[in-house]
Amino acid sequence: MLTEGSAEMSDAESRETAALTRSLVDKLWSYCDVLRDAGVPAIDYVEQLTYLLFLKMMDEQEKKLARKGKPNRVLPIGIDWDTLASKKGEELKKYYEHVLEDLGKRPGMFKLIFLGAQNKIQATALLERLIKDLIGKIQWSKEGVDVKGDAYEELLSRSASDVKSGAGQYFTPRPLIRAMIDCVQPTPEDIIVDPACGTGGFLLLANEYLRREYPMESLNPDQRNRIIHGQAFHGVELVRGTARLAAMNMLTHGVVPSGNQEIIEVGDALLSEPKVRASLVLANPPFGQKSAITVLGEDGRVVKDEAVYSGRDFWVTTKNKQLNFLQHIAKLMKIDGRAAVVLPDNVLFEGGAGETIRRRLLKEYDVHTLLRLPTGIFYAGGVKANVLFFDRKRPSENPWTSKLWVYDFRTGENFTLKQRPLRREHLQDFVDCYMPGKPRDARARTERFTSFTYEELIARDKVNLDITWPRDGIEDHAMQPTAEEIAHSIQQDLRDALHQIEAITDALRENGS
């Protein structure tokens with residue numbers, strides 16, 4: 001752990017790192033407005049940066065090894081940064097598109113980042129400026145992991161605020177993630193899994209926590225390799241474009257997979273049994289009531305249905321996406337594994353399948369803490385969400401949940417993305433009440449933090465965990481959604497509908513209908 005002296009040094013280094021990061025981000029982001037005017041959205045700009053940053057970093061790694069007398073090919077023969085940067089105009093564009101296609105056919109990290117990659121910067125002059133005047137002039141190997149990693153993370157954060165692109169759905173507020181991680185306290189022995197990883201925020205900040213709390217020199221070789229080469233982390237992401245951003249996010253933060261290992265798996269986590277069993281699950285599954293999947297029936301007809309994952313060993317069959325994710329997470333946990341999961345309110349009170357799942361979860365798992373979140377902290381407006389903390393236990397005749405501690409961070413709180421964004425210190429009282437690493441029977445009730453016994457929970461109608469209680473002196477500013485939140489909610493519904501229409505159209509086209 002850090003000593004007092006090293007903590008003071010860390011503060012000075014943090015200020016310097018922050019200044020370098022801001023400078024680098026401002027430099028990288030300076031091209032975003034230019035490309036947006038050319039029809040390239042912010043999230044696509046970051047994706048294009050991902051391809052180029054990866055090529056530049058791998059090229060620098062090759063040259064660094066060569067200077068040390070240890071030549072080793074990282075990029076395939078015939079692909080290198082100098083060749084890319086030497087070309088102009090249409091020749092540059094053709095070579096760049098050849099590079100994207102070629103690397104997409106390679107295994108491992110190449111496949112994850114480049115499979116299906118497209119050049120979305122059609123103006124050759126802009127592409128040339130991006131390669132030669134921006135990426136090419138930065139020596140990424142000279143930037144510390146903190147600088148280039150934080151810079152890439154900040155780019156993702158800025159692109160997530162581009163409401164029109166819908167990128168915010170893949171981005172969980174980092175102060176919330178940090179508070180969750182401070183509560184569950186990852187260790188070097190953990191296998192940390194996020195089955196809906198988006199841009200990789202949970203895995204990234206778990207990596208950050210491990211490197212801060214467990215200096216590499218204090219670990220044995222196996223523990224170091226698990227963190228540095230990523231065996232300690234596993235993410236699943238449905239959208240390939242988002243998965244490549246997550247992979248690059250981990251890479252810029254010093255997590256470099258070995259061989260053909262893929263830290264980020266592309267696919268639907270709900271469709272098949274998990275490949276990795278987790279000792280710690282950190283997740284914010286996608287919101288929205290139903291899972292949309294387009295399939296071709298045996299008769300050749302296109303079936304557009306809200307997915308029912310009936311092939312899985314779930315407690316109950318349901319079309320509700322969050323309830324399915326909750327079942328999936330419960331099943332992928334190892335015995336004595338723990339989870340911290342962001343869930344919308346409907347998971348707490350929905351009847352039918354929801355009630356069945358809550359009963360099973362309370363009995364077979366230790367469901368010990370619930371954090372009620374305020375609105376205004378997510379890019380999707382009007383979202384009412386919670387964080388549920390629970391542990392998996394060995395089979396028992398008696399219920400494992402004895403008390404559920406509920407922290408009400410919703411009543412009396414009012415956040416917005418711009419005027420009053422959520423900060424880590426806003427959640428410190430919750431973390432203090434959680435008492436990380438200490439016995440839960442040492443917890444004490446406060447005005448915002450109280451507990452309910454298993455018997456009280458089971459006796460509630462439909463085992464409803466959407467719990468509130470009256471408190472004096474706290475005015476609730478957050479119960480009614482603002483006009484902006486309502487507009488965002490409508491916009492998200494329309495975007496979901498459009499995606500479903502596009503999926504049906506694609507399936508019809510592929511089927512020749």
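The figures that follow rest on heavy atoms only: side chains count, while hydrogens, waters and symmetry mates do not.
- Salt bridge Lys120/Glu47: present, at least one basic N to carboxylate O contact under 4.0 Å.
- In Lys363, the NZ atom is crowded: over 12 heavy atoms of neighbouring residues, nucleotides or ligands sit closer than 6.0 Å.
- More than 12 heavy atoms of other residues, nucleotides or ligands lie within 6.0 Å of NZ in Lys331, so this atom counts as buried by the packing criterion.
- Ionic pairing of Lys403 and Asp441 is not present here: no N-O contact between side-chain nitrogen and carboxylate oxygen is shorter than 4.0 angstrom.
- Contact of the Trp405 side chain with the Leu370 side chain is not registered, since no non-hydrogen atoms from C-beta on lie closer than 4.5 Å.
- In plain terms, the two heavy atoms of Val256 and His229 that are nearest each other are O-ND1, 2.9 Å.
- Checking Arg445 against Ser451 by side-chain atom types alone, a donor-acceptor pair falls below 3.5 Å.
- Here the side chain of His426 pairs a donor or acceptor atom with the backbone of Arg423 at under 3.5 angstrom.
- Of the possible polar contacts, none joining the Asn320 side chain to the Gly354 backbone as a donor-acceptor pair under 3.5 Å is found.
- Within the model, atoms CZ of Phe314 and OG1 of Thr356 stand 14.5 Å from one another, a figure rounded to the nearest 0.5 Å.
- With hydrogens and angles ignored, the 3.5 Å screen pairs no side-chain donor or acceptor of Arg424 with any backbone N or O of Leu176.
- Thr187 contributes atom OG1, which lies 8.5 Å from atom CG of Leu280 (distance to the nearest 0.5 angstrom).
- A salt bridge links Arg178 to Glu208: at least one charged side-chain nitrogen sits closer than 4.0 Å to a carboxylate oxygen.
- The aromatic rings of Phe415 and Phe409 lie tilted to each other, with the angle between the two planes from 30° to 60°.
- With values rounded to the nearest 0.5 angstrom, Leu282 atom CG is found 11.5 Å from Tyr209 atom OH.
- Glu213 places no side-chain N or O within 3.5 Å of a backbone atom of Pro186 that could act as its donor or acceptor partner.
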What do the steps show when you test Asp466 against Asn386 for side-chain contact (heavy atoms from CB on, under 4.5 Å), and what is the final call?
CA-CA 10 Å; Asp466 187 20; Asn386 316 266; 5.7 Å; no
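- Shown here for Asp366 and Ser402, the closest heavy-atom pair between the two residues is OD1-N, 4.5 Å.
- Using a 30° and 60° split on the angle between ring planes, Phe114 and Phe54 fall in the perpendicular class, above 60°.
- Proximity of a side-chain donor or acceptor of Asp190 to a complementary backbone N or O of Ile192 within less than 3.5 Å is not detected.
- Using a cutoff of 4.0 Å between basic side-chain nitrogens and carboxylate oxygens, Arg359 and Glu355 are scored as salt-bridged.
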Does Leu371 form a side-chain contact (heavy atoms from CB on, under 4.5 Å) with Leu373? I'd like the steps, not just the answer.
CA-CA 6 Å; Leu371 169 62; Leu373 295 172; 3.7 Å; yes
Give the intermediate values and the outcome of side-chain contact (heavy atoms from CB on, under 4.5 Å) for residues Asp194 and Val281.
CA-CA 6 Å; Asp194 182 350; Val281 179; over 6 Å; no
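- Taking the charged nitrogens against the carboxylate oxygens, Arg448 and Glu413 do have a contact shorter than 4.0 Å, which makes a salt bridge.
- Using a 4.5 Å cut-off on side-chain heavy atoms (C-beta onward), Ile357 and Val316 make contact.
- Between Val406 and Trp469, some side-chain heavy-atom pair lies under the 4.5 Å cut-off.
- A cation-pi arrangement, defined by a distance under 6.0 Å to the six-membered ring centre and an angle within 45 degrees of its axis, is absent between Arg338 and Phe390.
- The pair Arg372-Asp345 meets the salt-bridge criterion, since a charged nitrogen lies less than 4.0 angstrom from a carboxylate oxygen.
- For the side-chain hydrogen bond (donor to acceptor under 3.5 Å, both in side chains) with His234, the lone residue among Glu262, Glu265, Lys275 that qualifies is Glu265.
- When all heavy atoms of Phe378 and Thr172 are compared, the pair lying nearest together is CE2-CG2, 4.5 Å.
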Would you check, one step at a time, whether the test side-chain hydrogen bond (donor to acceptor under 3.5 Å, both in side chains) holds for Thr450 with Arg443?
CA-CA 9 Å; Thr450 192; Arg443 292 175 172 179; over 6 Å; no
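- Residues Leu326 and Leu343 form a side-chain contact, since some pair of their non-hydrogen atoms from C-beta on lies under 4.5 Å apart.
- In this structure a side-chain-to-backbone donor-acceptor pair under 3.5 Å is present from Arg244 to Ile113.
- Residue Glu456 places its CD atom among more than 12 non-hydrogen atoms of other residues, nucleotides or ligands, all under 6.0 Å distant.
- With contacts defined as side-chain heavy-atom distances shorter than 4.5 Å, the pair Pro436/Asp182 does not qualify.
- For the atom pair Leu204 CG and Thr199 OG1, the distance stands at 8.5 Å (nearest 0.5 Å).
- The main-chain N or O of Asp336 is never found under 3.5 Å from a side-chain atom of Arg392 such that the two would form a donor-acceptor pair.
- At least one side-chain heavy atom of Ile264 sits less than 4.5 Å from a side-chain heavy atom of Cys197.
- With hydrogens and angles ignored, the 3.5 Å screen pairs no side-chain donor or acceptor of Glu237 with any backbone N or O of Ala196.
- Side-chain atoms of Asn249 never come within 3.5 Å of backbone atoms of Leu245 as a donor-acceptor pair (strictly under, hydrogens ignored).
- Ring orientation note: the planes of Phe430 and Phe389 are tilted relative to one another, at an angle of 30° to 60°.
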Check against side-chain hydrogen bond (donor to acceptor under 3.5 Å, both in side chains), Gln428 and Asp432
CA-CA 6 Å; Gln428 188 56 47; Asp432 291 340; 2.8 Å; yes
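- Here Leu205 contributes atom CG and Leu210 contributes atom CG; the two are 11.0 Å apart, rounded to the nearest 0.5 Å.
- Residues Phe452 and Ile467 are in side-chain contact: their nearest non-hydrogen atoms beyond the backbone lie under 4.5 Å apart.
- We find the CZ-CD1 distance between Phe233 and Ile191 to be 11.5 Å, quoted to the nearest 0.5 Å.
- Residues Asn225 and Gln231 have side chains that never bring a donor and an acceptor to within less than 3.5 angstrom of each other.
- Of all non-hydrogen atoms in Cys433 and Tyr407, the two that sit nearest each other are SG-CE1, 4.0 Å.
- Taking all atoms of both residues into account, the shortest heavy-atom contact from Val184 to Ala340 is CG1-CB, 4.1 Å.
- Between Tyr434 and His368 the shortest side-chain heavy-atom distance falls below 4.5 Å.
- Contact record, Ile377 with Pro173: O-CG, 3.0 Å, taken as the closest heavy-atom pair.
- Gln327 places a side-chain N or O within donor-acceptor distance of the main-chain N or O of Trp315, the cut-off being under 3.5 Å.
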List the steps, then state whether side-chain contact (heavy atoms from CB on, under 4.5 Å) holds for Arg460 with Val463.
CA-CA 5 Å; Arg460 290 174 60 84; Val463 195; 5.8 Å; no
